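All of these numbers come straight from a predicted model, not from anything done at the bench.
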Protein chains: 2
Amino acid sequence: MPAPILSKEEVLDLLLNTFRDRGYEGSSLAELSTATGLGKSSLYHYFPSGKAEMAEQVLAHMDRQLTTNLYEPLRLAQTPAKKLELMLDALDAFYEGGRKACLLERLCASVDRTRFRRPLRQAFTTWMDAVEAICLEAGLSSAVARERAEDFVVRIEGALIVCAGTDDYSVFARTIRDLRSSVLAR
Amino acid sequence: MPAPILSKEEVLDLLLNTFRDRGYEGSSLAELSTATGLGKSSLYHYFPSGKAEMAEQVLAHMDRQLTTNLYEPLRLAQTPAKKLELMLDALDAFYEGGRKACLLERLCASVDRTRFRRPLRQAFTTWMDAVEAICLEAGLSSAVARERAEDFVVRIEGALIVCAGTDDYSVFARTIRDLRSSVLAR
DNA sequence: GTCTATAATAGGATAGAC
DNA sequence: GTCTATCCTATTATAGAC
């Protein structure tokens, strides 16, 4: 009676959710199993090398998601201002107004962080590069564009921490609002 | 033959170090034992309720440290500008230029986070209140002072994440530099 | 207060049937 | 591809001697 079950992408979505919520060490195989509805053996069928491979594939999955759902649509937007709007709306939705954690942060904090080094760096770089490109297109200097891009990611990540720590999600909302008006300012 | 060994404060310092480095779930009793040079039984002598109590006491310990080494000396500084300098220097040293993680962030990310809720919120609030006080003393309006204080903590926490994720510590240095000149600006 | 020894459980991972 | 059963190790925690 069990047959189609879930696609690989759906499994990765559920794993992503669990890792974001409980962190890498905090997500046991038992929990990952419950979260996906798959037995441990099924998980090992998809991810022969176990939990570390799950996290790696989840990271790659999120990267693909961002590319198709954020970075690509961004290129179609008309103006730099529109692009910025689009990115901030997407981030606000993805982090649910500061209520959901960032996978990148969770993996940076894991003991196995060295294992995820390269993809983590890549994910941060891609993100900052996208913001930088918007700034450049808006006519900001190369140096300023880079600083604004770094600061953009810094503030999103920081706001997520402060919200989680204080249980006050207005900080995330205000950060998004501030970024909306300050990133492209001259 | 073993006798004085370590003071409670020294033990807490070593535990703080381990929790910052490996996170809450990532710090096993075996590691906490090696880090302190104390056997497990000795740790349970100091912390009868185990790891969660260690983290709680480490948090309280850090709070005391910050009070005596940062918040109190801050009150003696002459001008708001001097106070800001003092705090940024202390943070730069405490986080070793972005190379060492924040205990607050690590505990926010832990699965047991609800257990640390109150002290975490308290620690963040105390920190932001200190920055807010400096801003107010410098003549900024109440609303702006609060925003600047929240943004201050957001950017420090965010910079630590981005540095860990990209292995590029210049972001922390630049964040500190930016804060130095922007926090009290009118 | 510290140690050695040990219990009890949870965690990651595999075998083999279906 | 999924399940049940199982293995091994790590982890938390305690007991009892010194």
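- With sequence neighbours excluded, the residues forming a side chain to side chain contact (heavy atoms under 4.5 Å, CB included) with A:A55 are A:F19, A:Y24, A:L107, A:F116, listed by chain and number.
- Annotation: side chain to side chain donor-acceptor pair (under 3.5 Å) contacts of A:S49 (sequence neighbours excluded): A:E53.
- Remark: B:N69 engages B:Q65 in a side chain to side chain contact (heavy atoms under 4.5 Å, CB included) (not counting sequence neighbours).
- A search for side chain to side chain donor-acceptor pair (under 3.5 Å) contacts involving B:R106 returns nothing, not counting sequence neighbours.
- Atom-to-atom, CG of B:L43 to C1' of C:dT4 comes out at 15 Å; the value is rounded to the nearest Å.
- Rounded to an integer number of Å, the gap from B:H45 NE2 to C:dG1 C1' is 5 Å.
- When the side chain to side chain contact (heavy atoms under 4.5 Å, CB included) test is applied to A:D167, the partners found at least two apart in sequence or on another chain are A:Y169, B:R117, B:R121.
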Item to complete: Between protein and nucleotides 4-18 of chain D, map the contacts as a letter string: B base, S sugar-phosphate only, - none, heavy atoms under 4.0 Å, written 5' to 3'.
Response: B------SBBBB---

